[in-house]
Number of protein chains: 2
Amino acid sequence: MSRRRASIPAPSVTRLPIYHRVLRQMASRRVTTVSSLELAEEAGVNAATLRRDLSHLGTYGTPGTGYEVEHLLDAVDRALTLSREWPIVIAGAGDLGRALSRSRGFTTGGFRVAALVDVDPARVGTVVNGVLVRHLDELDEVVRLEAIRLGIVATPAASAADTVTRLARAGVRSILNFAPAIVTPPERIVVRNVDLAAELQMLAFYAARAELDESPAAPTSLPGRLRSPG
Amino acid sequence: MSRRRASIPAPSVTRLPIYHRVLRQMASRRVTTVSSLELAEEAGVNAATLRRDLSHLGTYGTPGTGYEVEHLLDAVDRALTLSREWPIVIAGAGDLGRALSRSRGFTTGGFRVAALVDVDPARVGTVVNGVLVRHLDELDEVVRLEAIRLGIVATPAASAADTVTRLARAGVRSILNFAPAIVTPPERIVVRNVDLAAELQMLAFYAARAELDESPAAPTSLPGRLRSPG
DNA sequence: GCATGTGAACACATTCACAGCA
DNA sequence: TGCTGTGAATGTGTTCACATGC
């Protein structure tokens with residue numbers, strides 16, 4: 001059994017979590033088998049795209065029948081490495097950081113808020129959802145101790161770049177950045193930006209277009225998963 | 001002066017907010033002129049891509065010189081229709097909904113939280129950041145009264161689909177969905193999903209890859225603006 | 001017969017490279 | 001000379017369509 005070499009295309013990776021969710025729901029509904037057509041419909045993607053995506057994980061389908069839900073769910077789970085524990089550090093214990101800490105989004109997979117850091121003395125020492133807020137200076141120690149590889153930046157924009165640098169230096173490999181700042185990540189660090197202002201601006205663009213323009217042209221799919229009917 | 005017909009490609013639209021931000025910073029630094037190379041560097045994109053993106057807005061550059069910052073900023077502002085008022089409704093006044101209400105992300109452009117709705121009697125009637133939380137049943141009225149076209153879904157996953165339908169029916173055209181659910185939007189409605197669980201799963205994928213695989217292959221850019229060094 | 005997995009065609013976005021203009 | 005704007009080339013993801021195998 002050899003490690004899969006061919007890297008999975010990025011757009012495909014962004015869809016895997018969707019399939020994972022749909023499959024989980026199907027499994028909980030005791031659905032045993034599903035065709036690429038059904039699965040694609042539920043996930044809101046083209047059936048060929050779905051089959052191509054799954055083919056990157058290996059061969060899990062049965063011609064003439066479809067996919068075994070449990071089996072496929074396992075495969076996606078393994079591809080995303082969700083079976084292992086994923087401790088996370090959240091930098092920034094403001095409104096957003098605290099809201100994220102309490103979020104349900106972590107329950108799926110082995111995600112767990114293992115650490116919260118901030119620089120504000122008023123926040124350091126407080127406890128959010130059972131996690132002690134530490135000072136940013138303790139970052140290295142905490143990350144090493146807990147073997148943290150995933151980080152979330154929920155700081156003000158001005159601190160974002162520095163925070164990303166510190167996280168990377170501490171050993172964090174992938175970062176979800178909620179701060180409205182353009183961050184140029186260090187070598188080999190993957191940063192994904194979730195930018196409320198940018199999202200709203202895009203939505204405004206399309207809303208404005210919908211208003212003054214009754215023509216279609218609304219794109220079916222957009223980078224980052226914008227959805228609109230075909 | 002005719003309305004621009006050619007629709008701007010979706011990937012280009014996702015980058016406009018980035019340019020907008022960089023240009024704003026430059027303007028505040030009293031920079032008057034900028035070349036595509038400098039601007040592209042700051043925004044983290046290829047210079048040719050930047051020029052192509054800007055060419056969709058019209059002709060704003062001067063060969064041999066570059067772009068006038070203020071002038072270009074205006075152009076991007078106009079393209080994104082940020083000069084007008086954009087009242088927003090947030091559905092769901094839980095931790096996340098309240099955190100978003102207080103967020104700084106709205107300050108850019110004419111975004112303003114005009115309404116907050118929820119179904120929980122314990123939340124309805126409370127005031128968040130100066131905005132009264134109303135019951136979901138009042139949605140139609142509020143949206144019509146305030147001429148709201150933008151909505152944010154911050155409800156539990158189970159309610160997301162229904163909430164999107166209601167928002168659309170009330171007159172909202174573009175929706176930012178924070179609920180971890182796959183939403184198939186109604187005709188002509190644009191939905192953009194911000195899915196914490198999905199984002200973490202993707203990040204886990206790349207973090208795992210970085211660990212067991214010292215080879216490069218980390219993608220330079222990913223849909224939805226994942227960033228990693230070239 | 002029926003659905004997978006995939007070669008091949010297609011559709012785009014990105015990037016190069018340069019003509020043209022300040 | 002320097003930089004824009006854009007044809008053309010490239011690279012990549014999506015989709016079609018079907019050979020293959022259950």
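We name chains A, B, ... by the order of the sequence lines, and we start the count at 1 in each one.
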Are any of the side-chain nitrogens in B/R84 or A/E211 under 4.0 Å away from the carboxylate oxygens of its partner?
yes
One should read off an interatomic distance between A/E38 CD and A/T33 OG1, to the nearest 0.5 angstrom, of 9.0 Å
Contacts under 3.5 Å, N or O only, protein and nucleotides 12-14 of chain D:
unit_1: D/dT14; atom_1: OP1; unit_2: A/R15; atom_2: NH1; d: 2.7
unit_1: D/dT14; atom_1: OP2; unit_2: A/R15; atom_2: NH2; d: 2.8

From CG of A/L57 across to C1' of C/dG5 the rounded distance in Å is 13 Å
Separation of D/dC3 atom P from B/E68 atom CD, nearest Å, is 17 Å
In terms of heavy-atom contacts, A/V183 and A/A160 come closest through CG2-CB, 4.3 Å
### Query
If you draw a 6.0 Å radius around CZ in B/R104, do more than 12 non-hydrogen atoms from other residues or ligands fall strictly inside?
no
On a heavy-atom basis, the closest approach of A/W86 and A/T81 is NE1-O, 2.7 Å
note: B/L39, atom CG; D/dG5, atom P; distance rounded to Å ~ 12 Å
When every non-hydrogen atom of A/I175 is compared with those of A/V172, the smallest separation belongs to CG1-CG1, 3.8 Å
Residue pair A/R24 / A/H20, side-chain donor-acceptor N/O under 3.5 Å: yes
| Are there more than 12 heavy atoms of other residues, nucleotides or ligands under 6.0 Å from atom CZ of A/R30? | no
Atom pairs, N/O to N/O, protein against nucleotides 1-4 of chain C, distance under 3.5 Å?
unit_1: C/dA3; atom_1: O4'; unit_2: A/G64; atom_2: N; d: 3.0
unit_1: C/dT4; atom_1: OP1; unit_2: A/S36; atom_2: N; d: 2.5
unit_1: C/dT4; atom_1: OP2; unit_2: A/S36; atom_2: OG; d: 2.6

